[in-house]
2 protein chains.
Amino acid sequence: MGQVTQALALREGGFAKGPRPQVPGDLHAHLELREIELPEPGEGQVLVEVILSPVNPSDFFYLQGAYGQPRQQGHAAGFEGCGRVIAAGGAAGEKLVGKRVAFLGSGSGSWATHAVAEAALCIPLSDAVRDVDGAALVVNPLTAVALVERGRAGGEAFILNAAASQLGRLMLGLARDEGLKPIAVIRRPGEEDALREAGATEVLVSSEPDFMAKAQAAIKALKPRVLLDAVGDQATADLFFTMPSGAAWVSYGKMSEEAPSLTQMGQFIFMGKTIEGFWLSRELLSAPPERSAKVIAQVQKRFASGAWSTRVAEEIPLDQALDRILPAYASGAGKVMIRP
Amino acid sequence: MGQVTQALALREGGFAKGPRPQVPGDLHAHLELREIELPEPGEGQVLVEVILSPVNPSDFFYLQGAYGQPRQQGHAAGFEGCGRVIAAGGAAGEKLVGKRVAFLGSGSGSWATHAVAEAALCIPLSDAVRDVDGAALVVNPLTAVALVERGRAGGEAFILNAAASQLGRLMLGLARDEGLKPIAVIRRPGEEDALREAGATEVLVSSEPDFMAKAQAAIKALKPRVLLDAVGDQATADLFFTMPSGAAWVSYGKMSEEAPSLTQMGQFIFMGKTIEGFWLSRELLSAPPERSAKVIAQVQKRFASGAWSTRVAEEIPLDQALDRILPAYASGAGKVMIRP
């Protein structure tokens with residue numbers, strides 16, 4: 001018999017029809033707090049006692065049935081976390097037993113007291129890495145590294161919006177450390193200095209009346225050819241159409257409810273512009289494992305040295321999570337964490 | 001002193017600010033009929049006495065300053081044509097003198113009694129190729145070949161809209177002859193049978209109420225992953241968002257004035273969809289010359305054998321062109337030709 005765990009379990013399976021908002025209106029409609037029985041960890045899997053698990057934007061898409069993978073009804077939500085390995089299903093996981101690891105839930109997710117994970121994807125954490133950094137060690141940092149690589153492919157400068165997010169800050173620091181010139185776009189004023197300190201060469205505020213004029217000046221000076229976009233609103237489209245020939249709009253998130261209009265289709269033709277998407281799951285699948293391992297080691301080192309640090313809005317016990325996650329998330333103060 | 005020629009000369013130079021319509025409201029605003037003096041053909045150039053030159057959609061973009069190359073004020077408009085070589089500027093063109101060729105205007109265009117052309121880009125015409133086919137031998141056929149190549153990159157089936165156009169018909173025949181399954185989209189009913197005969201596996205009419213249902217069925221059955229688009233309207237965007245994972249929207253023209261909305265940005269992320277442009281000038285520049293030569297030979301053979309044929313709406317004398325081009329173009333009956 002498998003481990004019984006307290007979990008935020010998915011009420012529905014599969015995909016929802018049509019698009020869903022970035023943030024759901026009510027978590028109770030999608031999740032319920034209840035006991036579930038995990039499967040026995042198989043060969044190559046381990047059983048993890050969860051210490052802490054983050055709430056990522058991708059979790060919200062997933063639990064609403066709007067992610068690239070179908071929901072598993074009755075299983076726990078939550079993509080990643082950190083925890084202690086307490087059992088192994090086979091020889092491959094034996095050496096992890098007793099260790100604190102960053103993990104990705106396999107089948108059943110991390111928003112639970114226990115989870116099953118693939119041993120090969122568990123990352124043993126050095127003591128210098130805090131729980132909050134270890135819990136968000138996989139999705140955000142690997143996304144940041146991969147997106148900065150994509151940005152670099154267009155030259156020294158690139159634009160990123162939603163730059164005040166956890167992921168945005170990771171990207172700014174990584175880009176600056178690698179000699180790149182990231183142009184940060186934020187929606188509201190207030191964080192300009194903090195983002196310059198985090199690594200931004202320029203900071204543009206999209207709600208300010210002179211936004212497009214300032215954006216044009218920055219684009220003229222720095223010639224960014226990649227736009228890393230987690231917003232997907234009309235301002236993003238307008239920015240894209242202001243960029244030079246060969247510019248790529250890389251969508252990796254959709255925080256806005258707007259459906260942006262392509263006001264200058266001719267730029268695809270005559271200026272060689274493109275729109276594409278970025279999804280970490282696909283990138284990881286296509287990335288060679290040695291490259292992922294190298295990136296993960298690099299990321300852990302950055303956290304251990306303090307170069308990177310996860311800002312936490314709130315840590316919420318599992319049994320209060322369904323009521324408290326959305327308000328904490330809305331505060332925008334940092335990552336929301338679940339501590340079972 | 002260079003050859004004096006009667007020409008439809010550009011009133012303005014450079015680019016227009018902002019987007020321009022597919023078809024200009026009035027040609028007199030952009031062109032005037034007058035004598036201009038051509039430069040002496042240089043080394044590697046020839047002087048051509050123009051027989052016939054077509055009106056292409058790209059000509060309308062160019063003369064409005066909305067093409068990918070700046071307008072040359074005071075020079076003739078018109079990208080291509082057929083004519084007889086009457087002089088050569090150097091040894092390279094000597095062997096062409098006296099020959100009937102398809103040509104691209106170099107510096108000054110083909111809407112004139114005479115034009116200067118690069119000898120290396122002149123295509124001697126076999127007697128079996130009619131003037132009307134030779135006049136449109138370069139832009140449309142090379143575009144068709146390159147776009148069908150792009151379509152094939154997504155698998156056996158692809159979608160093309162504006163399928164009743166000259167270019168659309170060329171693509172349908174080429175695709176069918178190569179064992180592909182093109183899905184033709186047209187805006188108004190009436191040409192379904194003709195397009196099936198031309199090579200379409202399916203014909204969809206976007207103005208019909210069951211368009212999306214039929215499109216979904218065809219997409220489910222044939223799984224097209226490339227959408228070759230000369231329209232750029234909301235129906236095109238809706239079609240794109242109905243296509244399977246990995247679908248590419250390839251824009252090569254903009255017949256609609258609509259600015260289509262990206263209603264499902266998540267498909268870029270989770271389904272790996274992309275939007276890109278196609279511009280023949282860029283493709284030709286990046287294509288190896290031997291490939292272009294091979295394609296041109298293939299195209300001429302298709303015209304000579306009657307497999308391809310240019311439909312002509314009207315042949316208009318140069319001195320009546322400014323008044324008669326737009327009404328003839330609006331008839332949609334085929335290619336409008338200028339006979340100086």
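Letters go in sequence order (proteins before strands), and every chain restarts at 1.
No side-chain heavy atom of D229(A) sits less than 4.5 Å from a side-chain heavy atom of F268(B). Taking 4.5 Å as the limit, every side-chain heavy atom of Y67(B) sits out of range of all side-chain heavy atoms of I269(A). Using a 4.5 Å heavy-atom cutoff, the side chains of L262(A) and L262(B) are in contact. In this structure, M265(A) and P260(B) have side chains that are in contact, with non-hydrogen atoms separated by less than 4.5 Å.
Interface residue A66(A): only backbone heavy atoms are found under 4.5 Å from chain B.
Atoms OG and CZ, from S251(B) and F270(A) in turn, are 9.0 Å apart once rounded to the nearest 0.5 Å. Note that CD of E276(B) and CD of E276(A) are 10.5 Å apart. Values are rounded to the nearest 0.5 Å.
The most heavy-atom pairs under 4.5 Å with chain B, out of G277(A), A237(A), S245(A), G232(A), come from G277(A). Here S261(B) is the residue among G272(B), A248(B), G253(B), S261(B) with the most heavy-atom pairs under 4.5 Å with chain A.
Heavy atoms from other residues, nucleotides or ligands lying under 6.0 Å from CZ of R188(B) number 12 at most.
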